[in-house]
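Both counts, for ligands and for their atoms, begin at 1 and track the order of listing. Below, each value reflects all heavy atoms present in this structure, side chains not excepted, and no hydrogens, waters or symmetry copies.
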Amino acid sequence: MDVFLLNDVCLKYADIPNFPRSTVHGHPCVCMQGRFHLVTTCACGFQITLPMRVFKLLGVETVFLTNAAGGPQPGLQVGDVMVIKDHINMPGFAGNNPLAGPNDERFGVRFPCMSDAYDRELRQLALDVAAELGYCEFMQEGVYCVLGGPSFETIAECRMLHSLGADAVGMSTAHEVIVARHAGMRCFALSLISNRAVMDYDSQEKANHEEVLETGRQRAEQLEKLVSTMVARLERNNNSF
Ligand SMILES: O=P(O)(O)O[C@H]1O[C@H](CO)[C@@H](O)[C@H]1O
């Protein structure tokens, strides 16, 4: 069952008016269990990002997001955790931006800045906490590229994305960050590199969702420790860093 957790209050998605339904199996995260993807809602970024606006109305100031992603960057290994420092919104180039359409001024301005989308202090906090926990060997920082999905990328697409500056590729997160930043919330996001992007025509590797889920299971404990330690540190500092 998809539920929305805030403090000790647990709401069913079905009980929140207009809230979308999650259909992709295997996407638990810290505050919401069950995420929405562009592909499940007929390319309507507004609906999949509605939870960000619900967070804003509930008084949330900082949003943490996690995802699984493929890695076209040769320096990234399966199991690495990449702190996202920037994104490329590929569907956005075709006009698919979750803020397209009339602007709701109650949340933010028509043309929000995105050059500071991923909070610098929170990124540094993640790297500091990772060092304290002994996670340095699998911590990285890089650029996440969101694609429409649901098909995984062709070899030519992976090569192109890498040459465009994408370190990791996935099908989520950037839309949520755009809407959260529009509403003035601070954003922090991590990619778990769940599979290597196939870049070589001689390779026998094939991207598949089972591998994505399996890598997630293997790193789950460390990711949980990293995020919960960061959240505890933030709470202790009254949400400032
Ligand atoms: O981005 P998250 O929700 O982690 O999921 C990623 O994993 C799925 C593909 O295996 C896609 O839905 C992709 O976006």
Examine [X] against ligand 1 and note whether any of their N/O atoms are separated by less than 3.5 Å.
X	answer
N67	no
S172	yes
A68	yes
F152	no

May I ask you to check whether H209 and F152 place their ring centers less than 6.0 Å from one another?
->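 Judged by ring-centre distance (under 6.0 Å), H209 and F152 do not meet the cut-off.
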When you look at E211 and R196, which way does the salt bridge (charged side-chain N to carboxylate O under 4.0 Å, His left out) test go after all the steps?
-> CA-CA 10 Å; E211 184 185 7; R196 291 276 327 133; over 6 Å; no
Any idea which atoms of ligand 1 are less than 4.0 Å away from a heavy-atom of V212?
-> 7 (O), 10 (O)
So, is the end of the R123 side chain (NZ or CZ) under 6.0 Å from the ring centre of Y118 and within 45° of the ring's axis?
-> no
Identify whether the distance between the nearest side-chain nitrogen and carboxylate oxygen of E224 and R219 falls below 4.0 Å.
->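 The answer is no: the pair does not qualify as a salt bridge.
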What distance do F111 atom CZ and L99 atom CG have between them, rounded to the nearest 0.5 Å?
-> 11.0 Å
